[in-house]
Amino acid sequence: MLNCSLIRLKVICSEQGSLTPIEGTRDIPFEIKRVYYIYGVPDDAVRGFHAHRRLHQVLICLHGSFKVECEFGDEREVYELNSPEYGLYVGPYVWRVMFDFKDDPIVLVLASDYYDESDYIRDYNLFREEVKKLFG
Ligand code: TYD
(Lines give C-alpha, C1' and ligand atoms only; values in the text may rest on other atoms or scores of the structure.)
Protein backbone atom coordinates (compact mmCIF):
# COMPACT_ATOMS: atom_id res chain seq x y z
CA MET A 1 0.00 0.00 0.00
CA LEU A 2 1.30 3.45 -0.89
CA ASN A 3 2.24 5.33 2.31
CA CYS A 4 2.28 2.16 4.43
CA SER A 5 4.76 -0.71 4.24
CA LEU A 6 6.66 -3.28 6.25
CA ILE A 7 10.38 -2.67 6.66
CA ARG A 8 12.68 -5.59 7.40
CA LEU A 9 15.11 -4.24 9.99
CA LYS A 10 18.74 -5.24 10.40
CA VAL A 11 19.41 -7.94 12.95
CA ILE A 12 22.85 -8.55 14.39
CA CYS A 13 22.78 -12.00 15.96
CA SER A 14 25.27 -13.56 18.29
CA GLU A 15 25.17 -16.36 20.84
CA GLN A 16 24.46 -13.61 23.39
CA GLY A 17 21.27 -12.51 21.63
CA SER A 18 20.10 -10.16 18.90
CA LEU A 19 20.57 -6.44 18.33
CA THR A 20 18.66 -4.23 15.90
CA PRO A 21 20.11 -0.79 15.16
CA ILE A 22 17.88 1.87 13.56
CA GLU A 23 19.41 5.01 12.13
CA GLY A 24 17.22 7.85 10.89
CA THR A 25 17.20 8.24 7.07
CA ARG A 26 19.34 5.11 6.74
CA ASP A 27 17.22 2.27 8.09
CA ILE A 28 13.91 4.14 8.01
CA PRO A 29 12.84 6.88 5.57
CA PHE A 30 13.01 9.89 7.93
CA GLU A 31 15.00 11.58 10.73
CA ILE A 32 13.74 10.55 14.17
CA LYS A 33 12.62 13.46 16.34
CA ARG A 34 10.48 11.59 18.84
CA VAL A 35 10.22 8.13 20.32
CA TYR A 36 7.36 6.75 22.38
CA TYR A 37 6.20 3.34 23.44
CA ILE A 38 2.84 1.79 24.18
CA TYR A 39 2.54 -0.91 26.83
CA GLY A 40 0.18 -2.30 29.47
CA VAL A 41 -2.48 -2.63 26.76
CA PRO A 42 -5.52 -4.79 27.63
CA ASP A 43 -6.15 -7.57 25.05
CA ASP A 44 -9.49 -6.06 24.04
CA ALA A 45 -8.17 -2.51 23.55
CA VAL A 46 -8.60 -0.78 20.20
CA ARG A 47 -6.39 2.26 19.64
CA GLY A 48 -5.62 4.72 16.89
CA PHE A 49 -8.64 5.94 14.90
CA HIS A 50 -6.65 8.79 13.43
CA ALA A 51 -4.36 9.86 10.59
CA HIS A 52 -1.60 12.46 10.48
CA ARG A 53 -1.22 15.21 7.93
CA ARG A 54 2.59 15.44 7.92
CA LEU A 55 3.95 12.91 10.40
CA HIS A 56 5.87 9.80 9.36
CA GLN A 57 6.09 6.94 11.85
CA VAL A 58 7.50 3.44 12.18
CA LEU A 59 5.76 1.03 14.56
CA ILE A 60 7.77 -1.87 15.97
CA CYS A 61 6.37 -4.64 18.14
CA LEU A 62 9.13 -5.41 20.67
CA HIS A 63 7.08 -7.99 22.59
CA GLY A 64 3.74 -9.74 22.05
CA SER A 65 1.72 -9.02 18.94
CA PHE A 66 -0.98 -6.76 17.55
CA LYS A 67 -2.65 -5.91 14.27
CA VAL A 68 -2.99 -2.59 12.48
CA GLU A 69 -5.58 -1.84 9.85
CA CYS A 70 -4.32 0.89 7.52
CA GLU A 71 -6.45 2.80 5.06
CA PHE A 72 -5.03 5.06 2.36
CA GLY A 73 -7.20 6.23 -0.52
CA ASP A 74 -9.40 3.29 -1.46
CA GLU A 75 -6.97 0.70 -0.13
CA ARG A 76 -7.22 -1.10 3.20
CA GLU A 77 -4.76 -3.59 4.57
CA VAL A 78 -4.27 -5.40 7.88
CA TYR A 79 -0.69 -5.91 9.05
CA GLU A 80 0.20 -8.23 11.90
CA LEU A 81 3.22 -7.12 13.91
CA ASN A 82 4.73 -9.85 16.06
CA SER A 83 8.49 -9.51 15.65
CA PRO A 84 11.06 -6.85 16.59
CA GLU A 85 12.70 -7.60 13.23
CA TYR A 86 10.03 -5.66 11.32
CA GLY A 87 8.81 -2.09 11.42
CA LEU A 88 5.60 -0.83 9.88
CA TYR A 89 6.14 2.49 8.14
CA VAL A 90 2.99 4.62 8.29
CA GLY A 91 3.12 7.88 6.36
CA PRO A 92 0.80 10.88 6.09
CA TYR A 93 -2.92 10.43 5.46
CA VAL A 94 -3.08 6.81 6.56
CA TRP A 95 -6.04 6.09 8.84
CA ARG A 96 -4.90 3.45 11.33
CA VAL A 97 -6.64 1.26 13.86
CA MET A 98 -4.61 -0.98 16.20
CA PHE A 99 -6.32 -4.05 17.64
CA ASP A 100 -5.96 -7.72 18.62
CA PHE A 101 -3.26 -7.00 21.19
CA LYS A 102 -1.81 -10.25 22.58
CA ASP A 103 0.78 -11.33 25.15
CA ASP A 104 1.38 -7.98 26.85
CA PRO A 105 2.66 -6.14 23.76
CA ILE A 106 5.27 -3.41 23.85
CA VAL A 107 5.07 -1.17 20.80
CA LEU A 108 7.94 1.17 20.02
CA VAL A 109 7.07 4.10 17.77
CA LEU A 110 9.63 6.25 15.95
CA ALA A 111 8.25 9.56 14.72
CA SER A 112 9.53 12.23 12.35
CA ASP A 113 8.38 15.17 14.44
CA TYR A 114 7.46 16.42 17.91
CA TYR A 115 3.98 15.79 19.25
CA ASP A 116 1.54 18.22 17.66
CA GLU A 117 -2.17 17.67 18.14
CA SER A 118 -2.96 19.93 15.15
CA ASP A 119 -1.28 17.38 12.87
CA TYR A 120 -3.88 14.73 13.85
CA ILE A 121 -7.10 14.07 11.95
CA ARG A 122 -9.31 12.27 14.46
CA ASP A 123 -12.60 12.59 12.60
CA TYR A 124 -13.03 9.86 9.97
CA ASN A 125 -15.34 11.94 7.75
CA LEU A 126 -12.90 14.86 7.80
CA PHE A 127 -10.10 12.40 6.93
CA ARG A 128 -12.06 11.16 3.87
CA GLU A 129 -12.79 14.74 2.81
CA GLU A 130 -9.14 15.82 3.09
CA VAL A 131 -7.93 12.71 1.23
CA LYS A 132 -10.46 13.33 -1.56
CA LYS A 133 -9.36 16.97 -1.92
CA LEU A 134 -5.66 16.09 -1.93
CA PHE A 135 -5.56 12.83 -3.88
CA GLY A 136 -8.86 12.87 -5.80
P1 TYD B 1 -2.73 8.86 20.54
O2 TYD B 1 -1.73 9.24 19.51
O3 TYD B 1 -4.18 9.21 20.26
O4 TYD B 1 -2.60 7.29 20.85
P5 TYD B 1 -3.23 5.99 20.15
O6 TYD B 1 -3.49 6.31 18.72
O7 TYD B 1 -2.18 4.94 20.33
O8 TYD B 1 -4.46 5.64 20.89
O9 TYD B 1 -2.29 9.48 21.92
C10 TYD B 1 -2.96 9.19 23.13
C11 TYD B 1 -2.83 10.39 24.05
O12 TYD B 1 -1.46 10.64 24.35
C13 TYD B 1 -3.39 11.67 23.45
O14 TYD B 1 -4.04 12.39 24.50
C15 TYD B 1 -2.17 12.44 23.01
C16 TYD B 1 -1.10 11.96 23.98
N17 TYD B 1 0.25 11.94 23.37
C18 TYD B 1 1.21 12.84 23.78
O19 TYD B 1 0.99 13.69 24.66
N20 TYD B 1 2.46 12.78 23.21
C21 TYD B 1 2.76 11.88 22.25
O22 TYD B 1 3.93 11.85 21.74
C23 TYD B 1 1.75 10.95 21.82
C24 TYD B 1 2.01 9.93 20.75
C25 TYD B 1 0.51 11.02 22.41
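Everything quoted here is computed from the prediction, not taken from an experiment. Just so you know, ligand 1 is whichever comes first in the structure, and atom 1 is the first atom listed for that ligand.
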Could you list each nitrogen or oxygen of ligand 1 that sits under 3.5 Å from a protein nitrogen or oxygen, with the atom names and the distance?
{"unit_1": "ligand 1", "atom_1": "2 (O)", "unit_2": "Tyr120", "atom_2": "OH", "d": "2.6"}
{"unit_1": "ligand 1", "atom_1": "3 (O)", "unit_2": "Arg122", "atom_2": "NH1", "d": "3.0"}
{"unit_1": "ligand 1", "atom_1": "3 (O)", "unit_2": "Arg122", "atom_2": "NH2", "d": "3.1"}
{"unit_1": "ligand 1", "atom_1": "6 (O)", "unit_2": "Gly48", "atom_2": "N", "d": "3.3"}
{"unit_1": "ligand 1", "atom_1": "6 (O)", "unit_2": "His50", "atom_2": "ND1", "d": "3.4"}
{"unit_1": "ligand 1", "atom_1": "7 (O)", "unit_2": "Arg47", "atom_2": "NE", "d": "2.9"}
{"unit_1": "ligand 1", "atom_1": "7 (O)", "unit_2": "Arg47", "atom_2": "NH2", "d": "3.1"}
{"unit_1": "ligand 1", "atom_1": "8 (O)", "unit_2": "Arg47", "atom_2": "NE", "d": "3.3"}
{"unit_1": "ligand 1", "atom_1": "8 (O)", "unit_2": "Arg47", "atom_2": "NH2", "d": "3.4"}
{"unit_1": "ligand 1", "atom_1": "8 (O)", "unit_2": "Gly48", "atom_2": "N", "d": "3.4"}
{"unit_1": "ligand 1", "atom_1": "22 (O)", "unit_2": "Arg34", "atom_2": "NH1", "d": "2.5"}

Donor-acceptor pair between Tyr124 and Glu129 side chains, under 3.5 angstrom: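 No donor-acceptor contact under 3.5 Å links the two side chains.
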Do Tyr36 and Gln57 have a side chain donor and acceptor closer than 3.5 Å?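 Checked: Tyr36/Gln57 side chains pair up, N/O donor to acceptor below 3.5 Å.
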Which donor-acceptor pairs under 3.5 Å do the side chains of residues 2-14 make with protein atoms, sequence neighbours left out?
{"unit_1": "Asn3", "atom_1": "ND2", "unit_2": "Pro92", "atom_2": "O", "d": "2.6"}
{"unit_1": "Arg8", "atom_1": "NH1", "unit_2": "Glu85", "atom_2": "OE1", "d": "3.1"}
{"unit_1": "Lys10", "atom_1": "NZ", "unit_2": "Asp27", "atom_2": "OD1", "d": "3.2"}
{"unit_1": "Ser14", "atom_1": "OG", "unit_2": "Gln16", "atom_2": "N", "d": "3.0"}
{"unit_1": "Ser14", "atom_1": "OG", "unit_2": "Gln16", "atom_2": "OE1", "d": "3.4"}

Taking the side chain from [X] and the backbone from [Y], do they hold a donor-acceptor pair closer than 3.5 Å?
{"X": "His52", "Y": "Gly91", "result": "no"}
{"X": "Asp43", "Y": "Lys102", "result": "no"}
{"X": "Arg54", "Y": "Asp113", "result": "no"}

